[in-house]
Number of protein chains: 2
Amino acid sequence: MNLDTKYWYLRDHKLFSVLSSSELKSICMITNFKTARKGEIILFSHDENTRVYFLKKGTLKIVEIDEKGNEIVKDLIQKGDIFGEFTLTETQSDEYAVAVSDNVICCSFRMDDFEQMLEKNPQLGLSYTKWMGFRFKRLQSKYSNLMFKDVRTRFMSFLEEWASKEGTASADEVTLKNYLTHQDIASLICSTRQTVTQLFNEFKEKGILDYSRTEIILKKTA
Amino acid sequence: MNLDTKYWYLRDHKLFSVLSSSELKSICMITNFKTARKGEIILFSHDENTRVYFLKKGTLKIVEIDEKGNEIVKDLIQKGDIFGEFTLTETQSDEYAVAVSDNVICCSFRMDDFEQMLEKNPQLGLSYTKWMGFRFKRLQSKYSNLMFKDVRTRFMSFLEEWASKEGTASADEVTLKNYLTHQDIASLICSTRQTVTQLFNEFKEKGILDYSRTEIILKKTA
DNA sequence: TGAGTTCGGTCGTCCAGCCGACAATACAGA
DNA sequence: TCTGTATTGTCGGCTGGACGACCGAACTCA
């Protein structure tokens, strides 16, 4: 991939908007780009230097394989998200990112390069700090959801959050393109496949939502 | 409190170690110090500008009151920790910090002052960013503990972490000064008072630990 | 177009741990 | 020293939701 393309990719990321175009160009030199199609795996390289990743386009899921060989979805990464740095747990586990949409593009920096960038660019540093704060808050709310809410509530909050991020809303409903299996959703809300299926049908019955394999439609109820 | 005292207080905080003494002095001007005794409450002021807090000395617990009036301990803040910025959930809940030890000293900055500091001081910014990353990791590990481990395991990890931070170790045991009630521990590991009591006695029986109201002694077992 | 694989639907069983209730103890303040 | 309050100890009942099992439906790939 040539520098020009890189330049345009980085340019419209919120995080880099504080940089001048010459600063941005010099950053392009040290970026690494990767593209992937649905189902492909983007590896975190544990061996070499740690890297910071920016998802430019598409959607990823961070999965981990537990001792029984089950795939646990730990997080969803969407366009614009930063990942890799802290997603890595101390115990070097079998954790990696899988593309769930086509045309995934992400770029990465070596951790130390990135740190240097932050140091040279206070603006960028602040921007990054705020970003992290935001993510911290989200994790915290996930945590307290898990602590205090039952599965039913977690399921609904999950759908609502999802809808607010990716849904296309009409007058009285929000439509979501569904690229997750019940299994995926289950591990995201920390439950089981069967329970998720049950909840889908329960809510469908109540008229709160409708769904097929490819779509989820949330009815807006006042 | 005079500037000199402030200066010495800030000086040996890890975060500020990257600053020169003149930089540090100028920061002293904008800090606010508070002291508290056991049981006293340090309020987060929701109304005025958000503040960032640094705990200089002592221990705090962040508690929240739920709808039934129960006190839920959300976090423990120890000497050197930063708090306030993200502990605040979006829903302005009844959340505040309570001193659990005597001689608590903490200082705070207005959020915008702090941001300016970070911007002016890339070194400090980077230092702060790393700090946050560390906290993020901890929260993440708490989260996956809650997801995948049973109460028994969470209880033990909690004790182990506590011991590693505050315990005084001897040849074959670690002693902890216990300032938490079973109730407190329960909400920290997301369980109930009764279960915590049970676990304490179960492990005591097994000879893994010993405890009284004021002390917890963890036996080191190879 | 058919065989293999993954995903969704449903049921019955089972248990960790929550919850209420109450007793025993420790502790603090007068 | 006495009394009220906070903490700890213990028990049984109860239940949310995990888990295994099994089947049909949908998707995929040759």
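Proteins come first, then strands; the chains are lettered A, B, ... in the order of their sequence lines, and each starts at number 1.
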Crowding at NZ, A/K219 (>12 non-hydrogen neighbours, <6.0 Å): yes
Over 12 non-hydrogen atoms of neighbours within 6.0 angstrom of NZ in B/K177: no
Letter per nucleotide, 5' to 3', of nucleotides 5-13 of chain D [B base touched, S only sugar-phosphate touched, - untouched; heavy atoms, 4.0 Å]: --BBBB---
Under 3.5 Å donor-acceptor, B/T59 side chain and B/S101 backbone: no
Integer-rounded Å distance: [N] [atom2] and [X] [atom1]:
| X | N | atom1 | atom2 | value |
| --- | --- | --- | --- | --- |
| A/F155 | D/dG16 | CZ | P | 18 Å |
| B/R152 | C/dC18 | CZ | P | 12 Å |
| B/I72 | C/dC18 | CD1 | P | 14 Å |
| A/I185 | C/dC7 | CD1 | C1' | 12 Å |
| B/K149 | D/dA18 | NZ | P | 18 Å |
| B/M147 | D/dG17 | CE | C1' | 15 Å |
| A/L146 | D/dG16 | CG | C1' | 14 Å |

Please list, one pair per line, the donor and acceptor atoms closer than 3.5 Å that link side chains of residues 167-176 of chain A to other protein atoms, with sequence neighbours excluded.
unit_1 : atom_1 : unit_2 : atom_2 : d
A/T168 : OG1    : A/T175 : O      : 3.4
A/S170 : OG     : A/E173 : O      : 3.4

Qualifying residues under side-chain hydrogen bond (donor to acceptor under 3.5 Å, both in side chains), relative to B/K165, sequence neighbours excluded: B/Q78
Step-by-step ring pair (Phe, Tyr, Trp, His ring centres under 6.0 Å) determination, A/F155 to A/W162: CA-CA 11 Å; A/F155 178 74; A/W162 191 9; 10.0 Å; no
Which residues share a salt bridge (charged side-chain N to carboxylate O under 4.0 Å, His left out) with A/R152, sequence neighbours left out: A/E202
Residues forming a salt bridge (charged side-chain N to carboxylate O under 4.0 Å, His left out) with B/K56, sequence neighbours excluded: B/D12
5′-ward residue of the pair A/D150/A/T214 relative to DNA chain D: A/D150
Heavy-atom pair with the smallest gap, counting every atom of B/L188 and A/Y143: O-OH, 4.0 Å
Between the first and last five pairs of the helix from C/dT1-D/dA30 to C/dA30-D/dT1, the angle of the axes, rounded to 10 degrees: 60°
